Amino acid sequence: MAFQQCIDPRCAATYAVGEVLVDCPRCGNLLDVAYDWSRAAVPQSLRSFEKKWTQRRDPHALSGVWRFHELLPFAPPDAIVTVGEGQTLLQPSDTVARYIGSQPGCVYLQYEGMNPSGSFKDNGMSAAFTHARCVGARRAACASTGNTSASLALYCAVTRLMRAVIFIGSGKISYGKLSQALEYGALTVQITGDFDDAMARVKEVTSELGIYLVNSVNPFRLEGQKTIMYRVLEALNWEVPDWIVVPGGNLGNSSSFGKAFYELKQLGLIDRIPRLAVINADGADTLYELYENRGVRWEQGLADLAPVCQYYDELDAKKRKASTIASAIEINRPVNLNKCLRALEWCEGVVRRVSDQEILDAKAQVGAGGIGCEPASAASVAGARLLRQEGEIAAGDRVVCILTGHQLKDPTATVAYHTTDQAEFNQVLGVRGVRRASFANRAVAVPNDLSEIIKAIQLYS
Ligand code: F0G
(Lines give C-alpha, C1' and ligand atoms only; values in the text may rest on other atoms or scores of the structure.)
Protein backbone atom coordinates (compact mmCIF):
# COMPACT_ATOMS: atom_id res chain seq x y z
CA MET A 1 0.00 0.00 0.00
CA ALA A 2 2.89 2.42 0.77
CA PHE A 3 5.93 2.80 -1.43
CA GLN A 4 8.65 5.33 -2.25
CA GLN A 5 8.52 7.22 -5.50
CA CYS A 6 10.78 9.62 -7.35
CA ILE A 7 9.18 13.08 -7.49
CA ASP A 8 10.33 13.63 -11.08
CA PRO A 9 7.32 12.59 -13.20
CA ARG A 10 9.66 11.74 -16.09
CA CYS A 11 11.30 9.12 -13.88
CA ALA A 12 8.60 8.20 -11.33
CA ALA A 13 10.60 5.13 -10.29
CA THR A 14 9.16 3.31 -7.30
CA TYR A 15 10.90 1.58 -4.43
CA ALA A 16 9.74 -0.51 -1.51
CA VAL A 17 9.20 1.08 1.89
CA GLY A 18 11.85 -1.26 3.28
CA GLU A 19 14.62 0.36 1.22
CA VAL A 20 16.76 3.01 2.88
CA LEU A 21 17.20 5.78 0.30
CA VAL A 22 17.75 9.52 0.39
CA ASP A 23 17.41 10.08 -3.33
CA CYS A 24 16.32 8.22 -6.42
CA PRO A 25 19.03 5.71 -7.40
CA ARG A 26 17.97 6.05 -11.03
CA CYS A 27 17.91 9.84 -11.51
CA GLY A 28 19.07 11.43 -8.24
CA ASN A 29 15.92 13.43 -7.55
CA LEU A 30 14.13 13.41 -4.20
CA LEU A 31 11.76 10.66 -3.13
CA ASP A 32 8.24 10.81 -1.74
CA VAL A 33 6.47 8.33 0.42
CA ALA A 34 3.44 7.53 -1.74
CA TYR A 35 0.33 5.49 -1.05
CA ASP A 36 -2.27 3.51 -2.90
CA TRP A 37 -5.04 5.32 -1.08
CA SER A 38 -7.71 2.97 -2.46
CA ARG A 39 -6.24 0.27 -0.22
CA ALA A 40 -5.81 2.50 2.83
CA ALA A 41 -8.35 2.93 5.61
CA VAL A 42 -8.78 6.68 5.14
CA PRO A 43 -11.68 8.10 7.11
CA GLN A 44 -14.62 9.74 5.32
CA SER A 45 -14.17 12.95 7.23
CA LEU A 46 -11.34 14.69 9.09
CA ARG A 47 -13.73 15.09 12.01
CA SER A 48 -13.41 11.39 12.77
CA PHE A 49 -9.87 12.05 14.10
CA GLU A 50 -11.46 13.84 17.05
CA LYS A 51 -12.53 10.56 18.60
CA LYS A 52 -8.86 9.83 19.34
CA TRP A 53 -9.05 12.53 21.99
CA THR A 54 -11.05 10.16 24.14
CA GLN A 55 -8.26 7.56 23.99
CA ARG A 56 -5.39 9.62 25.27
CA ARG A 57 -3.97 6.88 27.48
CA ASP A 58 -3.05 5.10 24.23
CA PRO A 59 0.34 6.62 23.24
CA HIS A 60 -0.57 6.38 19.55
CA ALA A 61 -3.71 8.44 20.11
CA LEU A 62 -1.86 10.88 22.37
CA SER A 63 0.85 11.58 19.79
CA GLY A 64 0.01 14.55 17.60
CA VAL A 65 1.69 12.66 14.77
CA TRP A 66 0.23 9.16 15.12
CA ARG A 67 -3.28 10.35 15.92
CA PHE A 68 -3.31 10.82 12.15
CA HIS A 69 -1.76 7.45 11.31
CA GLU A 70 -4.37 6.81 8.59
CA LEU A 71 -2.88 9.76 6.67
CA LEU A 72 0.70 8.44 6.88
CA PRO A 73 0.11 4.70 6.72
CA PHE A 74 3.62 3.51 5.87
CA ALA A 75 4.21 1.35 8.96
CA PRO A 76 2.17 -1.08 11.05
CA PRO A 77 0.99 0.18 14.48
CA ASP A 78 3.44 -2.06 16.35
CA ALA A 79 6.41 -0.37 14.63
CA ILE A 80 5.44 3.14 15.72
CA VAL A 81 8.01 5.12 17.71
CA THR A 82 6.60 7.95 19.78
CA VAL A 83 7.83 10.03 22.68
CA GLY A 84 4.64 12.09 22.91
CA GLU A 85 5.49 14.54 20.14
CA GLY A 86 3.01 16.93 18.56
CA GLN A 87 1.16 18.13 21.69
CA THR A 88 1.26 21.58 20.21
CA LEU A 89 -0.93 24.62 20.22
CA LEU A 90 -2.58 26.94 17.73
CA GLN A 91 -2.71 30.24 19.58
CA PRO A 92 -4.67 33.24 18.27
CA SER A 93 -2.51 36.34 18.77
CA ASP A 94 -3.92 39.83 18.55
CA THR A 95 -0.54 41.26 19.58
CA VAL A 96 0.95 39.82 16.42
CA ALA A 97 -2.16 40.66 14.37
CA ARG A 98 -1.73 44.31 15.34
CA TYR A 99 1.98 44.20 14.59
CA ILE A 100 1.55 42.80 11.10
CA GLY A 101 -1.49 44.95 10.32
CA SER A 102 -4.18 42.26 10.29
CA GLN A 103 -7.64 42.42 11.81
CA PRO A 104 -7.98 41.11 15.37
CA GLY A 105 -8.81 37.41 15.45
CA CYS A 106 -7.24 36.72 12.07
CA VAL A 107 -3.69 35.72 13.04
CA TYR A 108 -2.71 32.43 14.66
CA LEU A 109 0.63 31.11 15.84
CA GLN A 110 1.21 27.37 15.53
CA TYR A 111 3.60 26.81 18.42
CA GLU A 112 5.82 23.83 17.66
CA GLY A 113 8.18 24.80 20.48
CA MET A 114 6.01 22.64 22.74
CA ASN A 115 7.50 19.46 21.32
CA PRO A 116 9.68 17.28 23.59
CA SER A 117 12.92 18.64 22.15
CA GLY A 118 11.49 22.13 21.70
CA SER A 119 11.06 22.27 17.94
CA PHE A 120 8.91 20.97 15.09
CA LYS A 121 11.61 18.42 14.24
CA ASP A 122 10.11 15.86 16.61
CA ASN A 123 7.13 15.44 14.29
CA GLY A 124 9.47 14.22 11.60
CA MET A 125 11.83 12.38 13.90
CA SER A 126 9.10 10.09 15.23
CA ALA A 127 8.24 9.14 11.65
CA ALA A 128 11.90 8.63 10.68
CA PHE A 129 12.48 6.50 13.79
CA THR A 130 9.43 4.43 12.94
CA HIS A 131 10.89 3.73 9.53
CA ALA A 132 14.36 3.14 11.00
CA ARG A 133 12.87 0.59 13.37
CA CYS A 134 11.13 -1.16 10.44
CA VAL A 135 14.48 -1.50 8.63
CA GLY A 136 16.43 -2.42 11.78
CA ALA A 137 18.85 0.55 11.75
CA ARG A 138 21.31 0.73 14.66
CA ARG A 139 22.93 4.14 14.11
CA ALA A 140 21.40 7.39 12.87
CA ALA A 141 23.06 10.61 11.77
CA CYS A 142 22.21 14.12 10.69
CA ALA A 143 23.83 17.42 9.81
CA SER A 144 22.19 20.18 11.71
CA THR A 145 21.93 23.83 12.56
CA GLY A 146 20.91 22.49 15.97
CA ASN A 147 17.30 21.43 16.15
CA THR A 148 17.46 18.25 14.10
CA SER A 149 20.43 17.17 16.18
CA ALA A 150 18.62 17.95 19.45
CA SER A 151 15.65 15.93 18.26
CA LEU A 152 17.74 13.00 17.03
CA ALA A 153 19.71 12.93 20.27
CA LEU A 154 16.51 13.00 22.33
CA TYR A 155 14.84 10.18 20.39
CA CYS A 156 17.98 8.05 20.72
CA ALA A 157 18.24 8.73 24.44
CA VAL A 158 14.58 8.00 25.15
CA THR A 159 14.06 4.99 22.90
CA ARG A 160 17.57 3.44 22.94
CA LEU A 161 16.80 2.19 19.44
CA MET A 162 19.82 3.77 17.79
CA ARG A 163 23.06 5.61 18.55
CA ALA A 164 23.13 9.26 17.41
CA VAL A 165 25.93 10.79 15.34
CA ILE A 166 25.49 14.48 14.65
CA PHE A 167 27.42 16.80 12.36
CA ILE A 168 27.52 20.47 13.08
CA GLY A 169 29.42 23.23 11.34
CA SER A 170 32.01 25.29 13.13
CA GLY A 171 29.92 28.44 12.67
CA LYS A 172 26.82 29.40 14.55
CA ILE A 173 24.92 26.90 16.62
CA SER A 174 22.89 28.22 19.50
CA TYR A 175 23.86 27.02 22.95
CA GLY A 176 20.38 25.79 23.80
CA LYS A 177 20.53 23.31 20.94
CA LEU A 178 24.14 22.27 21.40
CA SER A 179 23.50 21.67 25.09
CA GLN A 180 20.71 19.26 24.23
CA ALA A 181 22.83 17.14 21.89
CA LEU A 182 25.64 16.95 24.43
CA GLU A 183 23.41 16.19 27.38
CA TYR A 184 21.39 13.51 25.57
CA GLY A 185 24.63 11.76 24.76
CA ALA A 186 24.96 12.11 20.98
CA LEU A 187 28.34 11.67 19.34
CA THR A 188 28.87 15.25 18.19
CA VAL A 189 31.19 15.86 15.26
CA GLN A 190 32.04 19.48 14.64
CA ILE A 191 33.52 19.94 11.19
CA THR A 192 35.25 22.97 9.77
CA GLY A 193 32.71 24.71 7.59
CA ASP A 194 29.06 25.67 7.71
CA PHE A 195 25.80 23.73 7.60
CA ASP A 196 25.96 23.29 3.83
CA ASP A 197 29.40 21.69 4.18
CA ALA A 198 28.22 19.45 7.03
CA MET A 199 25.18 18.38 5.02
CA ALA A 200 27.27 17.36 2.03
CA ARG A 201 29.62 15.38 4.28
CA VAL A 202 26.99 13.58 6.28
CA LYS A 203 25.46 12.27 3.07
CA GLU A 204 28.81 10.77 2.08
CA VAL A 205 29.53 9.37 5.53
CA THR A 206 26.12 7.77 6.01
CA SER A 207 26.24 6.19 2.59
CA GLU A 208 29.78 4.87 3.20
CA LEU A 209 29.06 3.51 6.68
CA GLY A 210 25.44 2.46 6.19
CA ILE A 211 24.19 4.85 8.86
CA TYR A 212 20.52 5.85 8.78
CA LEU A 213 20.20 9.53 7.73
CA VAL A 214 17.47 11.56 9.45
CA ASN A 215 17.82 14.88 7.63
CA SER A 216 14.77 15.96 5.70
CA VAL A 217 16.03 14.28 2.51
CA ASN A 218 14.63 11.25 4.30
CA PRO A 219 11.10 11.09 2.85
CA PHE A 220 9.67 9.40 5.95
CA ARG A 221 10.60 12.37 8.10
CA LEU A 222 8.46 14.65 6.00
CA GLU A 223 5.48 12.36 6.46
CA GLY A 224 5.59 13.17 10.18
CA GLN A 225 5.79 16.89 9.50
CA LYS A 226 2.56 16.77 7.47
CA THR A 227 0.72 16.38 10.76
CA ILE A 228 1.54 19.97 11.78
CA MET A 229 -0.98 20.99 9.13
CA TYR A 230 -3.55 18.43 10.30
CA ARG A 231 -3.35 19.90 13.78
CA VAL A 232 -3.72 23.43 12.43
CA LEU A 233 -6.89 22.37 10.60
CA GLU A 234 -8.15 20.56 13.67
CA ALA A 235 -7.66 23.65 15.85
CA LEU A 236 -9.56 25.71 13.25
CA ASN A 237 -12.45 23.27 13.44
CA TRP A 238 -11.31 21.77 10.11
CA GLU A 239 -11.64 25.05 8.28
CA VAL A 240 -8.84 25.79 5.83
CA PRO A 241 -7.03 29.09 6.61
CA ASP A 242 -6.12 31.54 3.85
CA TRP A 243 -2.37 31.51 4.46
CA ILE A 244 0.28 29.30 5.99
CA VAL A 245 3.50 31.27 6.59
CA VAL A 246 6.63 29.29 7.37
CA PRO A 247 10.36 29.98 7.62
CA GLY A 248 12.41 28.35 4.89
CA GLY A 249 15.78 26.72 5.61
CA ASN A 250 16.31 23.25 4.21
CA LEU A 251 12.68 23.49 2.99
CA GLY A 252 11.41 20.31 4.59
CA ASN A 253 8.46 21.90 6.35
CA SER A 254 7.19 23.80 3.35
CA SER A 255 7.53 20.64 1.23
CA SER A 256 5.64 18.51 3.70
CA PHE A 257 2.90 21.11 4.20
CA GLY A 258 2.30 21.23 0.45
CA LYS A 259 2.08 17.43 0.34
CA ALA A 260 -0.30 17.36 3.30
CA PHE A 261 -2.76 19.73 1.63
CA TYR A 262 -2.38 18.20 -1.83
CA GLU A 263 -3.19 14.75 -0.47
CA LEU A 264 -6.14 15.97 1.62
CA LYS A 265 -7.59 17.65 -1.47
CA GLN A 266 -7.04 14.52 -3.57
CA LEU A 267 -8.78 12.48 -0.91
CA GLY A 268 -11.74 14.87 -0.87
CA LEU A 269 -11.14 15.70 2.80
CA ILE A 270 -10.73 19.46 2.17
CA ASP A 271 -12.22 21.54 -0.61
CA ARG A 272 -9.46 24.07 -1.08
CA ILE A 273 -5.75 24.47 -0.42
CA PRO A 274 -4.40 27.47 1.54
CA ARG A 275 -1.72 29.68 0.08
CA LEU A 276 1.81 29.07 1.26
CA ALA A 277 4.37 31.77 2.02
CA VAL A 278 7.95 30.62 2.58
CA ILE A 279 10.19 33.15 4.29
CA ASN A 280 13.95 33.23 3.86
CA ALA A 281 16.42 35.33 5.82
CA ASP A 282 18.17 38.00 3.73
CA GLY A 283 21.51 36.32 4.32
CA ALA A 284 20.30 32.86 3.23
CA ASP A 285 17.89 33.58 0.42
CA THR A 286 18.41 30.92 -2.24
CA LEU A 287 14.73 30.06 -2.60
CA TYR A 288 13.76 33.73 -2.82
CA GLU A 289 16.39 34.45 -5.44
CA LEU A 290 15.46 31.45 -7.56
CA TYR A 291 11.69 31.66 -7.25
CA GLU A 292 10.99 35.37 -7.15
CA ASN A 293 13.93 36.86 -9.09
CA ARG A 294 14.89 34.14 -11.56
CA GLY A 295 11.41 32.75 -12.07
CA VAL A 296 12.29 29.12 -11.37
CA ARG A 297 9.09 27.05 -11.18
CA TRP A 298 8.27 23.38 -10.74
CA GLU A 299 6.08 23.23 -13.86
CA GLN A 300 4.64 19.86 -12.91
CA GLY A 301 8.11 18.48 -12.66
CA LEU A 302 9.06 19.38 -16.21
CA ALA A 303 11.02 22.54 -15.41
CA ASP A 304 14.54 23.14 -16.55
CA LEU A 305 16.45 23.37 -13.29
CA ALA A 306 19.71 24.49 -14.91
CA PRO A 307 19.36 27.99 -13.35
CA VAL A 308 19.64 26.33 -9.95
CA CYS A 309 23.06 24.83 -10.73
CA GLN A 310 24.11 28.12 -12.25
CA TYR A 311 23.10 29.96 -9.09
CA TYR A 312 25.10 27.57 -6.92
CA ASP A 313 28.11 28.05 -9.19
CA GLU A 314 27.75 31.80 -8.70
CA LEU A 315 27.64 31.36 -4.92
CA ASP A 316 30.81 29.27 -5.08
CA ALA A 317 32.57 31.74 -7.38
CA LYS A 318 31.76 34.59 -4.99
CA LYS A 319 32.57 32.36 -1.98
CA ARG A 320 29.27 33.53 -0.55
CA LYS A 321 28.28 31.72 2.61
CA ALA A 322 24.91 31.94 4.33
CA SER A 323 24.83 34.43 7.19
CA THR A 324 21.92 35.38 9.46
CA ILE A 325 21.05 35.78 13.13
CA ALA A 326 18.42 33.11 12.46
CA SER A 327 21.07 30.38 12.64
CA ALA A 328 18.48 27.60 12.19
CA ILE A 329 17.87 28.74 8.62
CA GLU A 330 21.43 29.76 7.78
CA ILE A 331 21.44 27.52 4.71
CA ASN A 332 22.36 28.32 1.11
CA ARG A 333 21.75 24.93 -0.49
CA PRO A 334 18.35 23.74 0.66
CA VAL A 335 18.18 20.00 0.08
CA ASN A 336 14.42 19.98 -0.50
CA LEU A 337 14.43 22.74 -3.10
CA ASN A 338 12.64 20.67 -5.77
CA LYS A 339 9.94 19.49 -3.39
CA CYS A 340 9.43 23.03 -2.13
CA LEU A 341 9.00 24.31 -5.70
CA ARG A 342 6.35 21.63 -6.11
CA ALA A 343 4.63 22.73 -2.89
CA LEU A 344 4.69 26.35 -4.06
CA GLU A 345 2.93 25.23 -7.24
CA TRP A 346 0.30 23.23 -5.35
CA CYS A 347 -0.33 26.07 -2.89
CA GLU A 348 -0.03 29.08 -5.22
CA GLY A 349 2.90 30.06 -3.06
CA VAL A 350 5.02 33.14 -2.63
CA VAL A 351 8.54 33.53 -1.24
CA ARG A 352 9.83 36.54 0.65
CA ARG A 353 13.01 37.41 2.47
CA VAL A 354 13.36 39.45 5.65
CA SER A 355 16.31 41.15 7.33
CA ASP A 356 17.82 40.18 10.68
CA GLN A 357 16.42 43.45 12.01
CA GLU A 358 12.90 42.48 10.96
CA ILE A 359 13.36 38.99 12.37
CA LEU A 360 14.46 40.24 15.79
CA ASP A 361 11.73 42.86 16.00
CA ALA A 362 9.10 40.28 15.00
CA LYS A 363 10.53 37.89 17.57
CA ALA A 364 10.19 40.52 20.28
CA GLN A 365 6.55 41.05 19.30
CA VAL A 366 5.85 37.33 19.38
CA GLY A 367 7.43 37.22 22.83
CA ALA A 368 5.43 40.25 23.97
CA GLY A 369 2.32 38.22 23.17
CA GLY A 370 3.50 35.56 25.60
CA ILE A 371 4.67 32.79 23.32
CA GLY A 372 8.36 33.12 22.73
CA CYS A 373 10.17 31.67 19.76
CA GLU A 374 13.66 31.46 18.38
CA PRO A 375 14.86 33.89 15.68
CA ALA A 376 14.25 31.60 12.68
CA SER A 377 10.64 31.06 13.73
CA ALA A 378 10.00 34.79 13.84
CA ALA A 379 10.87 35.01 10.15
CA SER A 380 7.33 33.75 9.55
CA VAL A 381 5.84 36.73 11.41
CA ALA A 382 8.22 39.21 9.78
CA GLY A 383 7.29 37.70 6.40
CA ALA A 384 3.57 37.91 7.11
CA ARG A 385 4.03 41.58 8.01
CA LEU A 386 5.81 42.24 4.75
CA LEU A 387 3.09 40.46 2.79
CA ARG A 388 0.45 42.55 4.61
CA GLN A 389 2.34 45.75 3.73
CA GLU A 390 2.40 44.65 0.10
CA GLY A 391 -1.31 43.86 0.22
CA GLU A 392 -0.64 40.28 -0.85
CA ILE A 393 -2.21 39.16 2.43
CA ALA A 394 -5.49 41.02 3.06
CA ALA A 395 -6.29 42.45 6.50
CA GLY A 396 -9.14 40.00 6.99
CA ASP A 397 -7.30 36.90 5.70
CA ARG A 398 -6.88 34.11 8.20
CA VAL A 399 -3.14 33.70 8.61
CA VAL A 400 -1.26 30.92 10.41
CA CYS A 401 2.40 31.61 11.17
CA ILE A 402 4.44 28.57 12.14
CA LEU A 403 6.62 29.09 15.20
CA THR A 404 9.09 26.32 14.57
CA GLY A 405 11.22 26.44 17.72
CA HIS A 406 11.11 27.36 21.40
CA GLN A 407 12.23 30.71 22.72
CA LEU A 408 14.83 29.13 25.04
CA LYS A 409 16.69 27.54 22.14
CA ASP A 410 18.64 30.72 21.56
CA PRO A 411 18.75 32.89 24.69
CA THR A 412 21.85 34.73 23.46
CA ALA A 413 19.95 36.45 20.67
CA THR A 414 17.10 37.39 22.98
CA VAL A 415 19.20 38.72 25.81
CA ALA A 416 21.44 40.64 23.41
CA TYR A 417 18.38 42.26 21.83
CA HIS A 418 16.96 43.37 25.14
CA THR A 419 20.09 44.41 26.99
CA THR A 420 22.96 45.29 24.72
CA ASP A 421 24.05 48.85 23.99
CA GLN A 422 23.35 49.70 20.40
CA ALA A 423 27.03 50.17 19.64
CA GLU A 424 27.90 46.62 20.65
CA PHE A 425 24.79 45.04 19.22
CA ASN A 426 26.20 43.49 16.11
CA GLN A 427 29.39 42.47 17.86
CA VAL A 428 27.50 40.50 20.48
CA LEU A 429 25.14 38.90 17.99
CA GLY A 430 27.86 38.12 15.47
CA VAL A 431 25.88 39.61 12.59
CA ARG A 432 25.85 42.82 10.63
CA GLY A 433 22.99 45.12 9.84
CA VAL A 434 20.94 45.16 13.03
CA ARG A 435 20.72 48.82 13.98
CA ARG A 436 18.19 49.07 16.74
CA ALA A 437 16.22 47.02 19.20
CA SER A 438 12.84 48.67 18.66
CA PHE A 439 11.06 46.65 21.32
CA ALA A 440 13.87 46.21 23.82
CA ASN A 441 12.78 45.62 27.41
CA ARG A 442 15.85 46.83 29.22
CA ALA A 443 16.78 45.66 32.68
CA VAL A 444 16.83 48.48 35.24
CA ALA A 445 20.04 48.74 37.26
CA VAL A 446 19.55 49.85 40.88
CA PRO A 447 21.81 49.87 43.92
CA ASN A 448 21.06 47.29 46.59
CA ASP A 449 19.09 49.76 48.65
CA LEU A 450 15.42 49.41 49.64
CA SER A 451 14.34 52.97 48.95
CA GLU A 452 16.17 53.06 45.59
CA ILE A 453 14.52 49.78 44.58
CA ILE A 454 11.07 51.06 45.57
CA LYS A 455 11.72 54.30 43.71
CA ALA A 456 12.72 52.41 40.56
CA ILE A 457 9.66 50.17 40.68
CA GLN A 458 7.37 53.15 41.11
CA LEU A 459 9.06 54.97 38.29
CA TYR A 460 8.92 52.14 35.77
CA SER A 461 5.78 50.16 36.58
N1 F0G B 1 12.95 26.86 12.07
C2 F0G B 1 13.75 26.19 12.90
C3 F0G B 1 13.66 26.50 14.35
C4 F0G B 1 14.64 25.21 12.40
O5 F0G B 1 15.42 24.54 13.24
C6 F0G B 1 14.69 24.97 11.01
C7 F0G B 1 15.61 24.00 10.43
C8 F0G B 1 13.84 25.71 10.20
C9 F0G B 1 12.98 26.64 10.75
C10 F0G B 1 13.81 25.50 8.75
O11 F0G B 1 13.00 24.42 8.43
O12 F0G B 1 14.54 23.16 6.98
O13 F0G B 1 12.12 22.63 7.08
O14 F0G B 1 12.91 24.72 5.99
N15 F0G B 1 16.54 23.47 11.07
C16 F0G B 1 17.38 22.40 10.54
C17 F0G B 1 18.23 21.80 11.64
C18 F0G B 1 18.09 22.72 9.32
O19 F0G B 1 19.29 21.27 11.34
O20 F0G B 1 17.81 21.83 12.79
P21 F0G B 1 13.15 23.69 7.02
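What you are looking at is a predicted structure, and each value in this text was computed from that prediction instead of being measured. In each ligand, atom 1 is the first atom listed, and ligand 1 is the first ligand listed.
- With contacts defined as side-chain heavy-atom distances shorter than 4.5 Å, the pair Leu46/Leu264 qualifies.
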Next item on the list: Could you give me the CA-CA distance, side-chain angles and deciding distance for Arg67 and Ser63, then say whether side-chain hydrogen bond (donor to acceptor under 3.5 Å, both in side chains) is met?
Entry: CA-CA 6 Å; Arg67 215 143 47 77; Ser63 164; over 6 Å; no
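- The closest side-chain heavy-atom distance from Asn123 to Arg231 is below 4.5 Å.
- Looking only at heavy atoms of the protein, atom 20 (O) of ligand 1 is closest to Thr148 N, 2.8 Å.
- The closest protein non-hydrogen atom to atom 5 (O) of ligand 1 is Asn147 ND2, 2.7 Å.
- Taking the ring centroids of Phe439 and Tyr99, they lie under the 6.0 Å cut-off.
- Inclusion of Thr145 in the set of residues having an N or O under 3.5 Å from an N or O of ligand 1 is warranted.
- Those atoms of ligand 1 that come under 4.0 Å of a heavy atom in Gly252, given as number and element, are 12 (O), 13 (O), 14 (O), 21 (P).
- The distance from ligand 1 to the heavy atoms of Asn250 drops below 4.0 Å at these ligand atoms: 12 (O), 14 (O), 21 (P).
- For atom 13 (O) of ligand 1, the closest non-hydrogen atom on the protein side is Asn253 N, 2.8 Å.
- Looking at Glu374 against ligand 1, only its side chain comes within 4.0 Å, counting heavy atoms.
- Of the charged side-chain nitrogens involved, none lies within less than 4.0 Å of a carboxylate oxygen, so that Lys321 and Glu330 do not count as a salt-bridged pair.
- For atom 4 (C) of ligand 1, the nearest non-hydrogen atom of the protein is Ala328 CB, 3.4 Å.
- Looking at Asp410 and Thr412, their side chains come closer than 4.5 Å, going by heavy atoms from C-beta outward.
- Counting protein heavy atoms only, atom 21 (P) of ligand 1 is closest to Leu251 N, 3.4 Å.
- Under the salt bridge (Lys or Arg N to Asp or Glu O under 4.0 Å) rule, Asp242 has a single partner from Arg275, Arg388, Arg272, which is Arg272.
- At least one N or O atom of Gly249 sits closer than 3.5 Å to an N or O atom of ligand 1.
- The aromatic ring centres of Tyr230 and Phe49 sit 6.0 Å or more apart.
- If you look at Lys121 next to ligand 1, the close heavy atoms, those under 4.0 Å, all belong to the side chain.
- Under a 4.0 Å criterion applied to the non-hydrogen atoms of Gly248, ligand 1 contributes the atoms 14 (O).
- Considering Trp298, Tyr262, Phe257 in turn, Tyr262 is the only one that fulfils the ring-ring contact (aromatic ring centres under 6.0 Å, His included) rule with Trp346.
- Seen from the ring of Tyr311, Arg294 does not count as a face-on cation partner, given the 6.0 Å and 45° thresholds.
- Counting atoms of ligand 1 from 1 in the listed order, those under 4.0 Å from a heavy atom of Ser144 are 17 (C), 19 (O), 20 (O).
- The closest protein non-hydrogen atom to atom 10 (C) of ligand 1 is Ile329 CG2, 3.5 Å.
- The shortest contact between atom 11 (O) of ligand 1 and any protein heavy atom is with Phe120 CZ, 3.6 Å.
- Counting heavy atoms closer than 4.0 Å to ligand 1, residue Ile331 contributes side-chain atoms (C-beta onward) but none from N, CA, C or O.
- For Asp197 and Arg333, the salt-bridge test fails: no basic side-chain N is under 4.0 Å from an acidic carboxylate O.
- Looking at atom 1 (N) of ligand 1, its nearest protein heavy atom turns out to be Thr404 OG1, 2.7 Å.
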